[in-house]
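Have a look at the structure below before the remarks.
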Amino acid sequence: MAIGYACISVGLLNSSMKKCLLKNATDETLKDITKNNILALERQIDYNIHNNIHMFRISSDLIPFGSSPVNKLDWPNLFKTELNQIAEKIKTNNIRVSMHPGQYTVLNSLNEETVKNAIADLSYHALVLDSLKTDNSNKIILHVGGVYGDKKTAMQRFIENYQALAQNVKDRLVIENDDKSYTITDVLSISQQTNVPVVYDNLHNYLNPSSTLVSDQYWIDTASKTWQKKDGKQKIHYSQLNPNKKSGSHSETIMINEFKTFYDNLANDVDIMLEVKDKNISALKCINTTSNNNLLPAIEKEWSRYKYLILSKSQTAYIKIRELLKNFDNDKVLVFYNTIEQELALPEDKGNQINAAQHVWGYFKDLEDDKQRLHFVKLIDDYLEDKVSIKKIKNYLYRLAINHNNKYLLDSYYFYL
DNA sequence: TGACGTCAAGATCCG
DNA sequence: CGGATCTTGACGTCA
């Protein structure tokens, strides 16, 4: 059972994917961006290895215009060395990767050109996974597409176009129920006719339920039968609804108690891809909460990342968690994360924010000159007078952490949440 | 024709 | 001029 996250590693320096506009897409620019992105991917893989995260979705933005004729670069060969190095890390550390083309890749479109683009896009995604020398259990997850007023025919068109795909794409393709059109029943029916494995998405099923109203576990068990040995372990998508938004957007973070209940009800051995705004931060929360290892080292590492954030909310909570860690055992992991979730939900309090900012500033006050010391004092004054936001102070401290290459602070969620 | 979703690039505004 | 904030882009479907 692995738990993973998608595309972005929050708080990891130099790990974001660069893009360019179509009008700037010269060979030179595309090459620069590709190099940047492959190195960024390597940093993400390294991060996952160091943090015991064994499942990861690679961003479709890895190769700019990767499926467009605009990009004529032979990138698999140009960056062979770099790709091989990443491939080796993925393999030796047993990381399961995947990719997920967006909602604009529509294999069953009525528009011939759109279908052609979708096929090219799927080939691009397969080429990335092939270039990383991953086996066929490393999947490409796709939605079925549009309905066009006639779902039956649209599903049939999906099946026909799927049959015509290149073998290396077919070997990796997996289909997922979506939040608007294709329910889990629809997707399972396509799977019956094609043997394509099915990823069950709990939130999509909540928003776009199948007419048969049964539990998540029922659908997970049913979907499990679509996964063959060559496909690897069954995968599911798990997310929670953002309570502050009208639409079906994903939550900022995974609320751990709700996840734990879901997890404890699972009867199948599945790999879980989380879809959530805070990405790796929630992945670590879920991994630690469901692990049987001795958790103390992992939780101490987590505490080092959360501590200034908690201090910026409440000194009492900060002391309480420190006490909890003094006599820590695995049974206390939920209390640890519950306390953190509770504290992070508190409204901004200036006194606590300044206290935390002073603590972080403490790393630099003897390293900086009078000019910087005055600047910090002025920032605090301005913050007290509502002239600047706490974000401005955090950004200033973040720049100092970068300038002094303070690795401990750079890992801190204080700057990112 | 605009909403939908995503996130960085690009554009603009501010002190 | 650096920094913060707003808009655009690239994609296809649907109301």
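In what follows, chains are A, B, ... by sequence order, proteins preceding strands, each numbered from 1. As the structure is a computational prediction, the values presented were derived from the model and not from experiment.
For A:Ile393 and C:dG3, the CD1 to P distance is 16 Å, given to the nearest whole Å. The nearest whole Å value for the distance from the CZ atom in A:Phe65 to the C1' atom in B:dA9 is 11 Å. One interatomic measurement links the two molecules: CD of A:Glu252 to C1' of B:dT6, which rounds to 14 Å at whole-angstrom precision. Between A:Asp121 atom CG and C:dA10 atom P the separation is 15 Å, expressed in whole Å. Straight-line distance from the NE2 atom of A:His100 to the C1' atom of B:dC7: 16 Å, rounded to whole Å. As a whole-Å value, the separation of A:Lys391 NZ from C:dG3 P is 13 Å. Atom CG of A:Asp382 and atom C1' of C:dA4 are 15 Å apart (whole Å). A straight line from CG of A:Asn36 to P of B:dC7 spans 17 Å, rounded to a whole angstrom.
When all heavy atoms are compared, the tightest approach of A:Leu309 to A:Lys394 is CD1-NZ, 3.9 Å. Contact record, A:Leu122 with A:Pro101: CD2-CG, 4.1 Å, taken as the closest heavy-atom pair. Between A:Tyr5 and A:Gln44 the shortest heavy-atom distance is OH-O, 4.5 Å.
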Restricting both atoms to N or O, compile the protein contacts to nucleotides 6-9 of chain C shorter than 3.5 Å, with distance only.
| residue | atom | partner | partner atom | Å |
| --- | --- | --- | --- | --- |
| C:dG9 | N2 | A:Lys19 | NZ | 3.4 |

Considering only nitrogen or oxygen atoms on both sides, find all protein atoms under 3.5 Å from nucleotides 12-15 of chain C and state each distance.
| residue | atom | partner | partner atom | Å |
| --- | --- | --- | --- | --- |
| C:dT13 | OP1 | A:Ser109 | OG | 2.9 |
| C:dT13 | OP1 | A:Tyr148 | OH | 2.1 |
| C:dC14 | OP1 | A:Val147 | N | 2.7 |
| C:dC14 | OP2 | A:Tyr148 | N | 3.4 |

Polar atom pairs (N or O), protein with nucleotides 11-15 of chain B, under 3.5 Å:
none

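Contacts of A:Asp61 with the nucleic acid, taken as non-hydrogen atoms under 4.0 Å apart, are absent. Among the protein residues, A:Lys180 comes within range of no part of the nucleic acid, since none of its heavy atoms lies under 4.0 Å from any strand.
For A:Lys151, the salt bridge (Lys or Arg N to Asp or Glu O under 4.0 Å) partners are A:Asp186, not counting sequence neighbours.
Residues A:Gln192 and A:Lys225 are not in side-chain contact: their nearest non-hydrogen atoms beyond the backbone lie 4.5 Å or more apart.
A cation-pi arrangement, defined by a distance under 6.0 Å to the six-membered ring centre and an angle within 45 degrees of its axis, is absent between A:Lys392 and A:Tyr383.
Residue pairs meeting the side-chain hydrogen bond (donor to acceptor under 3.5 Å, both in side chains) criterion with at least one member in residues 63-72 of chain A, sequence neighbours excluded, are A:Ser67-A:Asp121. Applying the side-chain hydrogen bond (donor to acceptor under 3.5 Å, both in side chains) test to residues at least two apart or on different chains, the pairs with a partner in residues 14-28 of chain A are A:Thr26-A:Thr29.
Here the side chain of A:Ser251 pairs no donor or acceptor atom with the backbone of A:Leu241 at under 3.5 angstrom.
Checked for salt-bridge contact, A:Lys391 and A:Glu348 miss the test: no charged N lies under 4.0 Å from a carboxylate O. Under 4.0 Å is where a charged nitrogen must lie from a carboxylate oxygen, and between A:Lys35 and A:Asp32 no such pair does.
For A:Arg399, a side-chain nitrogen or oxygen approaches OP1 or OP2 of C:dG3 to under 4.0 Å.
A:Glu302 and A:Tyr337 are linked by a side-chain donor-acceptor pair at a separation below 3.5 angstrom, with hydrogens and angles left out of the test.
Between A:Lys18 and A:Asp179, it is A:Asp179 whose nearest contact on DNA chain B lies nearer the 5' terminus.
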